[in-house]
Amino acid sequence: MNRSLKSMARIVVAAGLALAAAACTQVSTGEVGVASRLGKISLEELPPGVYEPFSKSVTVVSVRETTIPLDNVAGAKTKDNVTMQDVDLDVRYSTLPGKVADTMAKLAGDTGKNANGDVVVGEKFVTRVAREAVLDSVKQFKADEVHLKREEITGLVVSKLQAELDKEMPETFMIHGVTARALVTDSKLEESIRAAAQVQFDIKKRTDQEQLAAAEGRIKLQKARDEAAANGIVSSSLTPQLLRKMELEAQAAFAGQGTHTVILGQGAGNAGVLIGK
């Protein structure tokens with residue numbers, strides 16, 4: 001074989017390898033592969049790795065958490081039969097890795113891409129069951145309390161949804177959580193609820209102000225009582241003898257401050273005594 005034929009052979013081999021590599025299917029972490037031959041699905045999932053497609057077709061399916069947006073769930077009614085104006089929630093779920101192939105076989109046609117572009121299975125099925133769980137959860141509460149019960153409602157949706165999924169397809173789906181984006185009743189009812197809430201707020205504010213004023217009044221009254229009691233104690237202790245003693249001490253101190261002449265009165269034993277310095 002001459003050089004040109006050898007070079008051509010190497011090129012052909014390299015091209016073949018490149019095409020083979022390009023045609024390989026890679027399954028990454030958080031994914032499983034589902035193989036099929038002539039349209040028949042193999043029920044054993046393929047773990048992360050690289051797979052050649054010559055003998056089988058491999059579909060890469062995400063088993064990571066994915067979100068289903070439930071927008072404007074129709075027919076939602078409250079316990080007192082008020083139709084909700086808007087109910088929007090997000091349901092987060094994943095398919096268990098060992099159940100992907102079974103789910104693809106059982107729910108034929110329920111395989112597609114989610115909002116992130118990942119291939120997922122069972123999204124339509126979970127969406128249908130989730131809507132029923134939402135309807136059943138909302139009707140547990142009255143219209144005037146729905147807006148205050150977001151956590152309770154989403155908690156009910158999670159438990160009801162997981163229970164129903166486990167009933168229909170055991171150990172296949174995992175519900176990671178539900179978030180309520182909107183729970184809106186009739187617009188007129190919403191307005192009356194806000195008005196009632198404002199009234200309660202005003203009443204509480206007025207009550208708080210009255211309680212504050214009463215507390216301040218009690219403090220002032222107690223202070224006045226304490227001052228009066230203290231003055232009473234002082235007054236009762238000031239006998240005539242003590243007052244006279246205090247007067248003499250004050251006069252003596254004044255006389256000792258410089259050149260003064262202090263004339264003591266003639267009462268209480270003082271006969272016009274003159275003190276000078």
Side-chain angles (χ1 to χ4, degrees), residues 1 5-74 88-134 157-158 160-179:
M1 184 180 293
L5 290 177
K6 289 182 180 180
S7 298
M8 185 176 295
R10 284 195 292 267
I11 292 173
V12 171
V13 171
L17 292 174
L19 288 173
C24 286
T25 300
Q26 180 172 340
V27 179
S28 303
T29 302
E31 300 172 334
V32 296
V34 178
S36 61
R37 292 180 177 85
L38 302 176
K40 184 177 180 180
I41 294 175
S42 171
L43 297 182
E44 186 174 348
E45 292 80 5
L46 302 174
V50 178
Y51 300 92
E52 53 82 17
F54 298 116
S55 59
K56 57 184 176 293
S57 173
V58 178
T59 302
V60 179
V61 181
S62 172
V63 291
R64 293 183 287 267
E65 180 182 304
T66 185
T67 299
I68 301 175
L70 299 179
D71 296 322
N72 208 9
V73 179
D88 300 329
L89 302 98
D90 289 330
V91 176
R92 302 187 302 279
Y93 89 100
S94 64
T95 307
L96 298 183
K99 290 289 187 175
V100 173
D102 288 337
T103 304
M104 289 181 66
K106 184 174 181 179
L107 302 178
D110 198 354
T111 302
K113 291 186 177 181
N114 61 13
N116 296 326
D118 297 326
V119 175
V120 294
V121 298
E123 185 173 274
K124 295 177 184 177
F125 173 69
V126 175
T127 299
R128 176 178 62 79
V129 180
R131 287 184 177 275
E132 293 299 323
V134 171
V157 173
V158 170
K160 291 177 180 293
L161 175 54
Q162 187 68 69
E164 189 61 27
L165 291 173
D166 290 343
K167 179 181 177 181
E168 296 198 32
M169 297 184 66
E171 299 181 351
T172 299
F173 300 104
M174 174 66 70
I175 302 303
H176 298 277
V178 174
T179 303

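Computed from a prediction, not measured in an experiment: that's the story for all the values here.
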- Task: Please lay out, stage by stage, how I41 and V34 fare under the test side chain to side chain contact (heavy atoms under 4.5 Å, CB included).
- Result: CA-CA 7 Å; I41 294 175; V34 178; 3.6 Å; yes
- Message: Applying side chain to side chain contact (heavy atoms under 4.5 Å, CB included) to T172 and L165, what does each step give before you reach the verdict?
- Response: CA-CA 8 Å; T172 299; L165 291 173; over 6 Å; no
- Query: Is there a side chain to side chain contact (heavy atoms under 4.5 Å, CB included) between L96 and V63 once you walk through the steps?
  - Reply: CA-CA 6 Å; L96 298 183; V63 291; over 6 Å; no
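The heavy-atom pair separating V126 from L161 by the smallest distance is O-CD1, 4.2 Å. Summarising the geometry of N72 relative to R131, their closest heavy-atom pair is O-NH1, 4.4 Å, with the distance given to 0.1 Å. Scanning both residues, V27 and L46, for their nearest heavy atoms gives CG1-O, 4.2 Å. Considering every non-hydrogen atom in both G33 and V58, the closest pair reads CA-CG1, 4.1 Å. When all heavy atoms of Q162 and F173 are compared, the closest pair comes out as NE2-O, 3.0 Å.
Side chain of E45 to main chain of E31: no donor-acceptor pair is present (N/O by atom type, distance under 3.5 Å, no hydrogens or angles). For T103 (side chain) and A101 (main-chain N/O), no donor-acceptor pair under 3.5 Å exists by modelled atom type.
In this structure T66 satisfies the side chain to side chain donor-acceptor pair (under 3.5 Å) test together with N114, sequence neighbours excluded. Applying the side chain to side chain donor-acceptor pair (under 3.5 Å) test to K99 and every residue at least two apart in sequence or in another chain returns nothing. Take E164 and apply the salt bridge (Lys or Arg N to Asp or Glu O under 4.0 Å) test, not counting sequence neighbours, and it matches no residue. Residues meeting the side chain to side chain donor-acceptor pair (under 3.5 Å) test with T179, sequence neighbours left out: R92. Under the rule for a salt bridge (Lys or Arg N to Asp or Glu O under 4.0 Å), the partners of D90 that lie at least two apart in sequence or sit in another chain are R181.
Remark: E44 CD is loosely packed, at most 12 non-hydrogen atoms of other residues, nucleotides or ligands lying under 6.0 Å away.
Sorted by first and then second residue, the salt bridge (charged side-chain N to carboxylate O under 4.0 Å, His left out) pairs involving residues 106-130 (not counting sequence neighbours) are R64-D118, R128-E168.
To the nearest 0.5 Å, the span separating OH on Y93 from OG1 on T127 amounts to 7.0 Å. One distance of note links OH of Y51 with SG of C24; it measures 11.5 Å at 0.5 Å rounding. The distance from the CE atom of M174 to the OG1 atom of T95 is 11.0 Å, given to the nearest 0.5 Å.
Annotation: side chain of L107 is not in contact with side chain of V121 (no heavy-atom distance under 4.5 Å).
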